[in-house]
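Single-structure report; data block below.
Numbering of ligands and ligand atoms starts at 1, following listing order. Just so it is clear, the structure is predicted and the values come from calculations on it, not from any experiment. In what follows, every heavy atom counts, from backbone to side chain, and hydrogens, waters and symmetry copies are set aside.
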Amino acid sequence: MIQLKSPRELDIMAAGGRILAATHQHVKAAVAPGVSTLQLDGLVESFIRSHAGATPSFKGLYDFPGSACISINEEIVHGIPSAKRVLAEGDIVTVDIGVHYGGFHTDSAWTYAVGEIAPETQRLMDVTEASLWAAIRVATLGNHIGDLGAAVEEVVTRGRFSVVRDLVGHGVGAAMHEEPQVPNHGKPKRGPKLQAGMTLAIEPMVNAGGAATRTLSDKWTIVTLDGSMSAHFEHTVAITAEGPRVLTTLQV
Ligand code: MG
Ligand code: MG
């Protein structure tokens, strides 16, 4: 069942989302060659917990050991923070963070460049972020979940990259993963109709090469099958009568 949130509940989620956005700014400033993903995870956890009532959603979720999922280069999602994983010049690193605050989760991922990156890698990041904003623009009353996926797919296809189909966005609220699923591909006017009070984690994952994925032996990390780079941008967005409201930003 899709859980609709009241305006008061959306304001609580926006407060948690502000903490999450500030956490991203904090961790982004620390991304540099020589830094381990465990160090970044420690920064995420301590920064979130420095806000009264806020906790990292992912810590212990399905027994995940970290506070953030941190994925480098060909890793798409669910990278486990590790002292052995050290960022190098030219890498890209995706930091996926959830914050639990006031009884609700918010969810936001961002891919960051480590020092100088190749122009084609920068283009992968730009196209992926653009596909997120294209989906957010059509997250309006009267549209359907399929409109979001179609918008992502259109931008990514035009950019000559591949949308990951094995992983999807999701409703988010009292539980981190709620209905409906939010695929990054689809047809306009298909799927559940968007309603006021729906809160969606919209999260295109885009590969520079093919769409195929595989899971590493750690049973968490999902990588591109062909070893190509992958980028991931995610916001938690509320559907409202006034239009899409991005909750995981400092500007709400
Ligand atoms: Mg996420
Ligand atoms: Mg998510």
Closest Glu234 atom to the Mg ion (ligand 2) [N, O or S only]: OE2
Taking Asp11 first and then Arg245, would you say they form a salt bridge - that is, a charged N and a carboxylate O separated by under 4.0 Å? yes
For the Mg ion (ligand 2), which N, O or S atom of Asp107 is at the shortest distance? OD2
May I ask you to check whether His232 and Trp110 place their ring centres under 6.0 Å from each other? no
Considering only N, O or S atoms, which atom of Asp96 is nearest to the Mg ion (ligand 1)? OD1
Shortest non-hydrogen contact from Thr221 toward Ile80: OG1-N, 4.2 Å
Whether Arg160 and Glu120 form a salt bridge (side-chain N of Lys/Arg under 4.0 Å from carboxylate O of Asp/Glu) is what I want to check. no
Identify, by name, the N, O or S atom of Glu203 lying closest to the Mg ion (ligand 2). OE2
Distance check below 2.8 Å: does His170 bring an N, O or S atom to the Mg ion (ligand 2)? yes
Angle between ring planes, His105 versus His100, binned at 30° and 60°: parallel, tilted or perpendicular? tilted
